[in-house]
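To start, the structure under review is shown below, and the notes come after it.
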Number of protein chains: 2
Amino acid sequence: MRKESSTNTLNRNKIHVNCGMAYTLDLIGGRWKPTILWALLEGKLRYSELKKNIPDVSERILVLQLRELEKDGLIKRLVYAEVPPRVEYELTNDGQSMRHMLQIISDWGDLHRPKKAN
Amino acid sequence: MRKESSTNTLNRNKIHVNCGMAYTLDLIGGRWKPTILWALLEGKLRYSELKKNIPDVSERILVLQLRELEKDGLIKRLVYAEVPPRVEYELTNDGQSMRHMLQIISDWGDLHRPKKAN
DNA sequence: TTAAGTACTGACAAAAATGTAAGTAATGAG
DNA sequence: CTCATTACTTACATTTTTGTCAGTACTTAA
């Protein structure tokens with residue numbers, strides 16, 4: 001939950017206005033968001049499939065991150081009226097438009113992060 | 001301060017190992033880091049010049065962010081033995097190597113963030 | 001009637017990030 | 001002796017993010 005009037009939040013919003021970079025990083029910067037986006041670049045996934053792909057995230061946090069990505073227009077939530085329920089997540093056009101950028105960010109990291117031993 | 005054994009930190013580190021994207025985003029994801037890096041892309045700056053460029057950041061936080069960028073090898077801290085003191089910050093080679101990526105992240109943001117009302 | 005499957009939600013707690021306000025050290029200028 | 005200058009540091013407080021654990025709703029199958 002965000003307190004709309006804290007210096008913290010005011011600063012965040014102020015930065016967005018004149019720094020596209022900060023804006024972008026806020027959208028994709030959550031702990032599990034890169035992993036989620038990466039998975040969805042392959043195509044649509046059910047909630048349970050995402051969970052399987054990302055075993056370390058707790059359900060609460062997974063849902064939180066999905067909701068934020070949805071609110072920010074990067075993913076779509078598709079609900080099918082079935083029992084048991086079926087919900088699929090997929091990238092929106094805006095989400096898809098990140099593909100190239102995400103690849104470049106990923107490449108930079110792969111190239112520069114400390115090498116694994118062995 | 002980071003608690004090395006918290007689930008939070010363990011998750012962070014585990015993600016880094018198999019997601020270059022998450023690793024990169026952790027390096028540049030601090031509140032003021034994009035702004036700092038952006039400023040330093042133009043060239044070296046003194047501490048006081050950075051402060052002037054980024055009026056909303058408090059000194060404590062500015063120093064914290066600079067220290068992290070330095071620890072992560074993206075910027076260099078150059079200290080001159082003068083009085084009054086002079087300290088300059090500049091990008092390292094690794095920092096410079098981000099230029100293209102940062103530009104792309106910035107462009108995506110400029111293109112997709114909600115438009116200012118006129 | 002009980003259990004299984006799916007996609008969650010809620011109350012609570014811990015950890016991390018960010019911010020505020022005041023103070024410090026060294027030295028040369030006046 | 002006092003002040004200005006620069007680049008910080010310290011103690012503390014607030015806000016935000018992330019995590020734990022248990023529980024829910026709905027329907028079908030056994």
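Just so it is clear, the structure is predicted and the values come from calculations on it, not from any experiment. Lettering follows sequence order; numbering is per chain, from 1.
- Distances shown here put every side-chain N or O of B/Gln65 at or beyond 4.0 Å from the OP1 or OP2 atom of C/dA17.
- One atom, CD1 of B/Ile61, and another, P of D/dA13, lie 16 Å apart when rounded to the nearest Å.
- Nearest-nucleotide mapping onto DNA chain D: of A/Asn8 and A/Ser58, the residue sitting toward the 5' end is A/Asn8.
- When rounded to the nearest whole Å, the span between CD of A/Glu68 and P of D/dT16 equals 13 Å.
- At D/dT14, none of the side-chain N or O atoms of A/Ser6 fall inside 4.0 Å of OP1 or OP2 (strictly under the cut-off).
- Within the structure, a side-chain polar atom (N or O) of B/Arg31 is placed less than 4.0 Å from OP1 or OP2 of C/dG19.
- Listed candidates were C/dT18, D/dG19, D/dC8. Nearest to the side chain of B/Val63 is D/dC8.
- Under the 3.5 Å distance criterion, with hydrogens and angles disregarded, no donor-acceptor pair is assigned to the side chains of B/Glu49 and B/Asn53.
- Using a 4.0 Å heavy-atom criterion, one finds that B/Glu49 contacts no nucleic acid atom at all.
- Residue B/Ser48 has no polar side-chain atom (N or O) positioned under 4.0 Å from OP1 or OP2 of D/dT5.
- Between the side chain of A/Arg77 and the backbone N or O of A/Val87, no donor-acceptor pair lies under 3.5 Å.
- Put simply, CG on B/Leu27 is 13 Å from P on C/dA17, counting in whole angstrom units.
- Nearer the 5' end of DNA chain C, as judged by each residue's closest nucleotide, is the contact made by A/Arg77, out of A/Arg77 and B/Trp32.
- Nearest to the side-chain atoms of B/Arg67 among the listed nucleotides C/dA7, D/dC8, C/dG5 stands D/dC8.
- Atom C1' of nucleotide D/dA7 and atom OH of B/Tyr47 are separated by 6 Å, given to the nearest angstrom.
- Rounded to a whole Å, the CG atom of B/Leu50 is 13 Å from the C1' atom of D/dC8.
- Closest contact between the side chain of A/Thr7 and the listed nucleotides C/dA7, C/dG19, D/dT17 involves C/dG19.
- Note: CG (A/Leu78) to P (C/dC8) measures 11 Å, nearest angstrom.
- The closest side-chain donor-acceptor pair between B/Tyr89 and B/Glu70, if any, does not fall under 3.5 angstrom.
- Residues B/Leu27 and A/His112 form no side-chain contact, since every pair of their non-hydrogen atoms from C-beta on lies 4.5 Å or further apart.
- Between B/Asn11 and D/dG19 there is a side-chain polar atom (N or O) within less than 4.0 angstrom of OP1 or OP2.
- Listed nucleotides: D/dT9, D/dA7, C/dT18. Nearest to the side chain of B/Pro85: D/dA7.
- When the nearest nucleotides of DNA chain D are assigned to A/Arg60 and B/Arg46 by heavy-atom distance, the more 5′-ward of the two goes with B/Arg46.
- If you measure from atom NZ of A/Lys52 to atom C1' of C/dG5, you get 13 Å, rounded to the nearest angstrom.
- Not one N or O on the side chain of A/Arg86 forms a donor-acceptor pair closer than 3.5 Å with the backbone of A/Arg46.
- Which of D/dT18, C/dA7, C/dG19 sits closest to the side chain of A/Leu64 comes down to D/dT18.
- When hydrophobic clusters are built by joining Ile, Leu, Val, Met, Phe, Trp and Tyr residues whose side-chain heavy atoms come closer than 4.5 Å, directly or via intermediates, B/Leu41 is grouped together with B/Met98.
- Atom pair B/Arg86:CZ and C/dT27:P shows a separation of 17 Å (rounding to whole Å applied).
- For D/dC8, the OP1/OP2 oxygens have a side-chain nitrogen or oxygen of B/Tyr89 closer than 4.0 Å.
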